[in-house]
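To start, the structure itself, in structure tokens.
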Amino acid sequence: MLSGSKNSFKIQQHQPGPALRGPKSSAMNSRRNKNCQAFPCIPGEHVLEAAAHVRKIVCSRDGEGSILGTLYCTNLRVAFVPEPTPGDTVGAPRCSTRLHSEHDVALLCIRRLVAVNSFTKAKVLTASSTLKFIPEELVLYCRDFRVLRFRFRDSGLEPRACQVTLAIVQAQESSSASAGTWYDTGAIRNLENAWLSTEGSSSSSTLLFERPCDWEKELRRLGAAGWRVSPVNERFDMATSLPKYLWVPSRLLDNELKRAFGHFNARRIPRLCWHHPGGSDLLRAAGFHADSDPEKEDVRSVEALMLAGHAQCVIVETAVDLPSPAEIQLSYLKLRALCLPDSSVADEKWLSALEGTRWLEHVRACVRKACEVAALLAERSRSIMLQESDDRDLNCLLASLIQVLSDPHTRTQSGFQSLLQKEWVVAGHPFLQRLNLLRDNDREESPVFLLFLDCVWQLLQQFPASFEFTETYLLALHDSSYIPFFSTFLFNCQWERDRRNQHRASNQIYAPVNGWREPPPLEILQKGGRLAKERGGPYLPTIWDWALRYTTQQRSQFRNPAYARSSGSTTVPNGKSAPLGGDKLEAALSGSGTMYLFAKGALSPQTHLFPWKNGSLSKKGWWRAQSSESLSEQDRSLRSSPSGCPLQPEGLLLPASVGPLIRLWRRCYLRGSQEVQTPCASHCYWVEQHSLADRALAWDSGDLAVVPGSATDSLGHLGVASLPPRSVNSQRNWTCFEGD
Amino acid sequence: MGGVNYVSRRRAALQPEESDEESWEELVPLPPSCPLAGTAAWSWGGREAPGAMLGKGAGGSGAKPAKPSFVSYVSPEEIHKKEPIEKEVNLHLLPGELLLCEANTVLKCVQEDGSNRGACGKLICTNFKIAFLGDESASDDNEPEFKNKIIGENDITLHCIDHIYGVYDEKKKSLSGQLKKYPEKLIIYCKDLRVFHFCLRYTKEEEVKRIVSGIVHHSQTPKLLKRLFLFSYATAAPTNTDIQNQTVMFDAIKDWREELERTKGNMKYKVLNANEAYKVSEKLPLYFVVPMSLSEESILQYQGRGIPIWCWSCHNGASLLKMSAFPKEQEDNTSQMHKIFLDGIYKTINKPPYEVLKTDDLSSSLPSLQDIQAAYIRFKQLFLIDNSTDFWDTDVKWFSLLESTNWLEIVRRCLKKAIEVAEYLEGQNTNVLLVEENASDLCCVISSLVQVMMDSHYRTKFGFQSLIQKEWVMGGHCFLDRCNHLRQNDKEEAPVFLLFLDCVWQLVQQYPPAFEFTETYLTVLSDSLYIPIFSTFFFNSQHQKDTNMSGEGHRAQSSHFRFLTVWDWSVQFESKAQVLLNNPLYVEKPKLDKSQRKTTRFKHQRQLSLPLTQTKSSPKRGFFREETDHFIKNILGKRISKLINSSDELHNNFTEFYDSWHCKPADFHGLLLPHIDGPGIKVWAQRYLRWIPEAQLLGGGTVATATKILDMIEEVQSLQKKMDEKHSLTVPQGREALPMLRNSARLSSLFPFALLQRHSLKPVLPTSTWKDLEDEDDLAKRDDEFVDLSEVI
């Protein structure tokens with residue numbers, strides 16, 4: 001295997017790339033090396049400029065303070081390394097993480113740079129601007145709502161301040177200018193190399209859904225008896241944006257399946273997302289292709305796919321009640337403007353300004369729709385197909401939100417990560433376009449994923465005991481989406497990710513490590529391929545390797561101490577769903593399934609699978625005509641007794657989406673303005689007390705075997721083991737458990 | 001089909017005797033004139049005398065289903081078929097409560113997701129409350145865990161009624177005065193934001209007449225003070241033994257002396273007993289505290305007006321004072337005299353040992369009472385919801401609607417004013433004198449807010465109660481007029497006390513560990529405003545209470561009424577319910593010995609005297625230079641825009657004080673300043689949303705975490721106990737366990753107020769468009785396919 005960091009350094013030297021911006025002179029080289037000793041560079045990264053004795057201003061629960069340290073500007077990021085304080089036990093593990101999310105910001109994530117001097121006003125810096133004064137403070141506005149503030153030495157006459165500021169400005173400018181060639185920069189290549197070695201340590205139980213066994217495992221967990229994993233798209237020859245493996249009805253052969261692809265936009269056919277223990281199935285698909293001919297014979301297989309063996313299929317028009325990606329982007333921009341610390345909205349106008357962003361309205365719409373569909377799923381056995389014209393944006397959001405509501409497993413950390421892999425990453429959400437990480441195309445930018453995280457946060461604050469993870473975890477996830485060092489959010493679909501890896505694999509062979517000049521033998525190729533498969537993924541690490549960026553102590557805050565694991569098992573004994581299978585079979589054979597359309601909170605029956613079968617209705621106005629018809633029917637149906645949901649099952653969350661209960665995610669969006677730090681989660685005191693008492697007892701009692709198992713267990717759950725012991729009566733015990 | 005299955009399951013879970021009861025849906029097809037006596041369940045207690053009812057009411061609660069024992073030869077079902085009458089008569093009348101009128105077969109409608117459901121029962125109006133006795137509520141399963149002993153789930157005290165509407169042919173009209181036509185439906189809006197719908201369609205006509213006019217008359221017409229239920233209750237109630245209450249009532253000179261001593265104000269202030277027998281003023285309490293240098297004559301001169309009255313002293317010696325201003329006089333002569341008088345007073349208090357005095361006229365710097373009332377009327381409309389469709393309509397515009405009510409802005413302004421006062425006291429060592437016409441409305445709000453923020457004693461339960469006694473009850477807040485209990489003058493009505501509670505709630509939710517009480521406590525306290533068995537909130541002043549106390553020949557046997565105080569929570573709640581009023585996360589102030597206290601005090605001062613102003617040069621300035629510099633930069637960094645706008649120096653002081661405090665870690669036993677920026681002020685969700693089913697989260701809300709925390713606390717205690725046992729120390733008293741939170745696995749977020757919604761476990765869908773799918777489907781076929789999820793999962 002490859003290589004510690006030193007080896008990869010050599011590679012970089014041997015590998016001149018067009019976009020490589022390395023140090024040119026030997027003088028700089030030596031300085032770089034000098035700096036590198038202090039600064040834990042990622043291999044391939046080099047320090048451009050550094051300034052010592054910089055204070056980073058931190059506003060935490062403990063009040064506003066500052067950390068003394070060194071500010072580095074590298075070719076990848078702006079980093080701040082705090083000076084270890086003597087006797088600081090926490091300092092030691094901190095060094096082990098090379099990417100430090102708390103203090104670092106990737107150059108691509110910087111949105112605005114402002115230099116502040118006490119005599120002049122603040123100045124926004126661009127590459128063309130010249131710095132006419134020595135800055136006393138440098139403020140970095142990040143794209144993830146963070147605001148980092150660095151204060152230079154109090155004298156304010158620090159020449160380094162100028163240098164480092166200018167270096168940051170230039171590095172930021174050039175990195176965004178050359179973002180299109182991001183993958184080809186020497187730095188990112190070496191980044192990949194470097195992580196080859198570290199990645200082995202990750203023992204994550206997250207299913208990446210890149211190998212068939214993950215799909216099989218998840219399908220077994222769901223207990224979906226009538227379904228199988230189809231490798232029909234293994235080579236991406238059916239649809240490039242779809243994952244390699246698909247869940248399809250067992251009865252449908254791959255041959256039949258192939259005929260269905262043509263009927264859907266971008267060939268994204270209906271496939272299973274989730275199987276309800278009660279028998280219902282959740283499917284997702286793209287819209288019907290404009291050229292698909294319903295008279296054709298192969299419509300049969302489309303029908304079979306949609307009904308999935310149920311007698312009833314409900315098509316959910318995803319886009320109908322939900323905002324479009326463009327609307328999401330617009331309100332996101334407004335929200336960001338509102339939440340900046342220097343926003344000029346008066347306090348008394350804050351609420352209407354917040355409403356004006358429409359962000360919470362979008363959140364509400366998503367939560368409400370997910371709740372409705374989750375109720376439909378639980379109500380009776382049927383198949384529900386989420387249909388969006390390209391199946392890559394709001395379908396991802398809705399499908400995963402429904403699962404978070406319905407499946408307690410997805411509310412654990414590993415379950416949630418698997419869910420994101422399945423419904424977003426491999427399902428082909430165009431992260432690169434939507435997050436615009438490389439800033440090459442502003443038009444496609446739309447934070448659909450961040451909207452999803454906000455929705456999950458709403459659920460988290462409505463059901464604080466139902467999630468294994470905390471707000472801090474969601475925040476970490478939120479921030480991770482703007483770090484361009486990880487494969488998870490750097491590609492538009494699995495195909496791109498794999499292609500990149502193949503490219504990478506060949507690179508690796510042609511640029512041999514130990515002076516190997518021969519053309520690569522076949523074994524190496526195979527070996528490399530197998531290795532890649534074994535590790536289950538790309539060379540760039542996934543963001544699920546939290547250990548790369550967060551210390552143990554920080555990661556312990558991802559775990560919710562108040563989490564009450566739901567007692568019911570999530571898997572269903574097969575015997576339970578077997579009779580259903582028989583029922584399904586019949587319905588599928590007879591083809592007597594009924595179709596419903598679900599939009600605007602109402603179901604309306606459909607006579608035809610393809611709405612434009614008769615050719616009379618225009619495709620665009622079709623559903624509107626239908627639903628208006630159904631509205632008149634509603635009055636009739638109202639007087640009959642409402643078909644209530646059966647007793648609410650343990651696992652189902654039904655969030656409220658009424659105005660007062662949809663709130664602003666303050667810890668995320670208002671991080672920049674210090675005055676609205678949320679109060680600490682008040683239970684932290686008892687968590688701490690718990691650990692204290694527990695430890696004291698453990699230390700105390702050499703022979704006393706009374707430590708109850710449950711207590712030690714829950715201590716582990718609470719993840720407080722790493723907290724340093726403090727005096728019980730100390731007032732300072734009130735550090736925020738979930739604090740930054 | 002799901003519904004069928006569900007109903008049968010519910011049936012099975014209910015008590016056996018319920019199987020012969022009819023649910024409303026089944027009842028509806030009956031013609032209204034149908035004599036219902038055929039069904040045993042309906043025939044109860046129609047013509048029974050109130051006395052008999054009372055007698056049974058006492059025993060009625062004991063009518064639980066008999067457990068079959070091996071001695072019994074009769075099955076429980078049989079027993080219960082025989083005694084439904086007994087079971088239903090469970091109207092619980094308080095001492096002194098009289099049944100005025102009643103109506104049978106009234107439907108209480110529960111409006112949910114567009115469907116009409118309801119419970120049939122009897123509507124009763126007494127001189128204390130309106131009560132609905134339903135048939136279904138008798139099942140023991142649904143016994144509310146957090147039960148008010150005085151006010152049941154379906155009880156509305158007459159003072160709690162806000163508005164009564166009648167529905168005539170789908171049209172809603174406000175009911176008042178003499179009625180010509182009687183409505184088919186009665187909608188009652190309560191002051192605690194409940195909304196009741198009573199359908200009278202199946203009620204006999206004369207009963208409708210009687211009950212509607214009875215309710216309208218007894219709740220809407222002006223009353224005399226002596227006709228308050230308070231008096232009939234006090235007359236009839238057994239003389240309850242005085243329970244030792246830790247709440248300081250401030251009705252004795254000793255209480256004031258101790259308070260002076262506690263706050264170390266006794267060097268400069270003295271308690272006066274000049275007002276004994278109300279010689280000085282009827283507005284003032286019997287005892288009050290004034291600056292020592294004030295002469296007796298000046299106090300007597302204008303009936304207490306123009307006199308600075310002490311509220312509280314800060315640890316640094318600065319004091320908070322209040323003064324009722326002179327009314328604006330037309331005559332030059334009088335106002336000139338007033339001015340001279342005031343100048344004299346100011347001169348007296350500006351002399352050493354008193355420091356500089358800052359006066360603040362609250363009537364000009366805060367919204368008027370009319371503004372407050374208007375804002376609250378708009379605000380509460382957001383939560384008084386007739387049906388769910390209304391709610392969803394307002395939903396989209398929620399934030400702008402909320403903003404347009406201006407209520408949160410008023411809360412913000414009060415908190416801001418309190419911070420300003422705190423800044424003078426703490427930051428500038430200046431005495432503050434609050435001036436208001438009667439010093440009994442906004443003065444109460446601001447002075448008590450300042451004390452809650454600055455004195456951790458008032459953040460304990462008893463301290464808070466003492467504070468309300470001191471500033472509100474003794475301070476002469478006109479509860480009777482402001483709550484409009486007597487319905488004599490609508491113009492005087494203003495929710496000033498509620499405004500104060502809302503402000504305190506903002507603090508509680510921003511700093512939960514700093515308060516010994518919970519938001520539930522505040523909510524319950526706000527409800528107690530309308531329960532006329534406690535004297536606390538039913539008098540305009542101490543004088544009014546005292547003069548009405550003596551009974552003036554009112555049954556000569558008792559010369560004094562014995563009123564209950566609201567602070568005796570055991571009157572309303574069982575002790576296990578009272579646990580919910582205490583914050584389990586409150587950390588008591590650590591008891592420090594003398595030497596330690598000094599050091600903390602020093603730190604405290606240092607921390608708080610930080611925002612140094614340019615005008616006032618302080619000897620400590622050099623010492624703190626570093627921090628000040630830091631502070632200036634701080635401002636440059638982030639508040640550029642805000643600072644440029646405000647060159648006002650006064651404003652600067654405030655911002656500096658506010659910002660620098662928020663830069664520091666919060667000391668939960670020290671000064672506490674609320675966040676008052678846009679996102680900081682929130683809606684008191686528990687109070688305002690608790691009756692709205694759409695806002696209910698099953699298994700969610702803070703209750704979910706609370707349960708876990710309590711588990712953890714218990715575990716910590718058991719561990720500590722084990723440690724102590726090991727060290728053979730004395731075992732400390734553990735906290736009371738909370739069986740209430742434990743026994744039900746899934747509580748709703750509206751706990752403890754709304755019960756789990758018994759009727760609807762259906763997901764909350766926004767519109768009434770939940771379409772029935774089964775219209776065209778074969779029901780029998782579907783039934784097999786249905787899987788009961790509760791069994792599967």
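In what follows, chains carry the letters A, B, and so on, assigned in the order in which the sequence lines appear, proteins first and then strands, with residues in each chain numbered from 1. Keep in mind the model is a prediction, meaning the values are calculated, not measured.
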Kindly determine whether W398(B) and L351(A) satisfy side-chain contact (heavy atoms from CB on, under 4.5 Å), including the steps that lead there.
-> CA-CA 9 Å; W398(B) 165 254; L351(A) 289 175; over 6 Å; no

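Using a 4.5 Å cut-off between heavy atoms, I662(A) contacts chain B through its backbone alone, with no side-chain atom that close.
The backbone N or O of E409(B) sits nowhere less than 3.5 Å from a side-chain atom of E348(A) that would complete a donor-acceptor pair.
For Q461(A), the side chain to side chain contact (heavy atoms under 4.5 Å, CB included) partners are W457(A), Q458(A), R663(A), not counting sequence neighbours. Partners of W407(B) according to the ring-ring contact (aromatic ring centres under 6.0 Å, His included) rule, which considers only residues two or more places apart in sequence or in another chain, are Y376(B), F379(B).
Between D347(A) and I676(B) the shortest heavy-atom distance is OD2-O, 3.8 Å. Taking both residues in full, the closest heavy atoms of P679(B) and L670(A) are given as CG-CD1, 3.6 Å, listed atom of the first, atom of the second, then distance.
Put simply, CZ on F399(B) and CZ on R358(A) are 14.0 Å apart, with the number rounded to the nearest 0.5 Å.
Using a 4.5 Å heavy-atom cutoff, the side chains of P660(A) and V683(B) are not in contact.
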